[in-house]
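The structure appears below as structure tokens.
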Amino acid sequence: MKAVGVSRFGGPEALEIFEIPEPHAGLGQVRIRVHAATVNPGDRYLRNGAIAHLAPGPPYIPGMETAGVLDEIGPESVTGLRVGDRVTAMTMPLMEHAGGYAEYVVLPASWVVRAPAGFTYAQAATLPMNGLTARQALDLLALTPGQTLAVIGAAGVVGGYAVQLAKADGLTVIADASPADRELVHALGADTVIPRGDAVTDHILRAAPGGVHGLLDAAVLGSATLAPAVRPGGGIAALLGEGAKAMPPGELGRRSVRLHPVNVPDSLGDHVRLDRLRTQAQDGALTLRVAGTFPPEQASDAHRLLEAGGVRGRLVLRFREEDADE
């Protein structure tokens, strides 16, 4: 089968096409015939070798989200799905046959849910990891309806999902945006849109005197910068755990602000939350944003575009064309 990956680490140019053996579903597993796989910022850590010591290979196959058709169900696989179902899943390139940049991926059955009806494979592929990341962050903050959440990096995919999920939870949302993104962030449902940039904490405090109840740092600015915008007893959800490095725990304690590092792998296999996200997408509560699609042979171009910044929505590698009968 065709896969995109690296045998030598480096920049986007290191990505190349490989022909590797086709995997099959084993005990408790299912196989997906991949139509679409997203290109996420975390994919570069396998490409540049930062986490390659944790992964099978070479070749090292990135990719953390996929959508396609379920085409094999292994022995003792507990699933309500059938062969031929349109599905989506969060993938894990640190496992054998589970990197998303491939024509087939093999995953534990519990990781896979039906794709949201009415969406393309490319759109469906943007939901699992990014949606679960936003959901995990909100659940860690544990805010209640009527409380106020600030979302930093709201125009990005995780930030955008967080805005929409927070509104569905009954929260008041303050979100940052550049002038070019203000309309987008308003459309996602933010109650108040503030300017992004170095003064974001001041802008939050003007919009919410006394501070917000919770804050999601999807832009990875760090808790040292953002903690003054959170009221005592509130919390910060920090992607990639970067916030934990930015402020010593003692300083957070003096501010009575709790830090919640968001660890994406903790959401692997969270079938209930992923299926709920699918339902919310179908019901119109979530917007599945695709910024562009690329054939596998142009994966390097997709990585270059992502690293240049300013992409709104997810870039997607398309391994198969959309079929009218699927």
Side-chain angles (χ1 to χ4, degrees), residues 1-40 42-74 77 83-109 111-112 115 120-122 124-126 128-129 290 292-307 314-323 326:
M1 70 172 181
K2 180 188 297 184
V4 178
V6 296
S7 57
R8 54 183 179 82
F9 305 120
E13 71 284 349
L15 290 165
E16 56 183 311
I17 298 290
F18 293 91
E19 289 292 335
I20 61 176
E22 183 179 309
H24 294 279
L27 192 69
Q29 297 177 324
V30 297
R31 188 175 81 164
I32 299 173
R33 185 171 74 245
V34 174
H35 280 247
T38 58
V39 176
N40 282 279
D43 295 344
R44 67 184 184 271
Y45 297 125
L46 190 57
R47 188 202 71 210
N48 66 23
I51 60 172
H53 63 288
L54 301 174
Y60 301 96
I61 311 299
M64 299 184 71
E65 295 175 298
T66 190
V69 176
L70 189 75
D71 80 335
E72 285 185 3
I73 298 177
S77 297
V83 169
D85 283 345
R86 292 169 57 103
V87 294
T88 188
M90 184 172 168
T91 56
M92 178 44 65
L94 303 184
M95 293 170 48
E96 190 174 11
H97 309 313
Y101 291 11
E103 290 186 299
Y104 294 93
V105 296
V106 171
L107 301 169
W111 293 17
V112 181
T120 66
Y121 289 109
T126 70
M129 187 190 74
V290 174
T293 62
F294 297 78
E297 293 78 10
Q298 294 177 16
S300 294
D301 294 334
H303 272 237
R304 274 189 283 269
L305 185 58
L306 179 69
E307 293 189 351
R314 271 289 165 256
L315 302 172
V316 177
L317 302 183
R318 177 175 286 175
F319 282 86
R320 293 175 175 85
E321 293 300 318
E322 201 87 10
D323 294 331
E326 293 182 343

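Not measured: the values here are computed from a predicted model. Position 1 is the first residue of the sequence, and the numbers go up from there.
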What verdict does the side-chain contact (heavy atoms from CB on, under 4.5 Å) test give for F319 and V4, after you've listed the backbone C-alpha separation in whole Å, the side-chain angles of each residue and the deciding distance to 0.1 Å? CA-CA 10 Å; F319 282 86; V4 178; 4.3 Å; yes
So salt bridge (Lys or Arg N to Asp or Glu O under 4.0 Å) across residues 49-66, not counting sequence neighbours, yields none
Side-chain contact test, heavy atoms from C-beta onward, threshold under 4.5 Å: evaluate it for [X] versus [Y] and give yes or no.
X	Y	value
P93	M64	yes
V106	V30	no
P296	Y101	no
F294	L305	yes
R33	R320	yes
E96	P23	no

With E13, which residues qualify under side-chain hydrogen bond (donor to acceptor under 3.5 Å, both in side chains), at least two apart? none
Stepwise side-chain contact (heavy atoms from CB on, under 4.5 Å) test for E72 and Y104: CA-CA 10 Å; E72 285 185 3; Y104 294 93; over 6 Å; no
With a cut-off of under 6.0 Å to the ring centre and 45° to the axis, is R318 in cation-pi contact with Y121?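 No, cation not above the ring by the 6.0 Å, 45° rule.
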Judged by atom type as modelled, is there a donor-acceptor pair below 3.5 Å linking the side chain of [X] to the main-chain atoms of [Y]?
X	Y	result
E103	M1	no
D85	V87	no
S300	P12	yes
T88	T66	yes

For A109 and S77, work out which heavy atoms get closest and say how close.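 Scanning both residues, the minimum pair turns out to be CB-CB, 4.0 Å.
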Minimum heavy-atom separation for T293 to A122, with atom names?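 For T293 versus A122, the nearest heavy atoms are CG2-CB, 4.2 Å.
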Before giving the answer on side-chain contact (heavy atoms from CB on, under 4.5 Å), spell out for L15 and V6 the whole-Å C-alpha distance, their side-chain angles and the decisive distance to 0.1 Å. CA-CA 5 Å; L15 290 165; V6 296; 3.8 Å; yes
For Y60, ring-ring contact (aromatic ring centres under 6.0 Å, His included) partners two or more places apart: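 In terms of ring-ring contact (aromatic ring centres under 6.0 Å, His included), with neighbours along the sequence ignored, Y60 is linked to F9.
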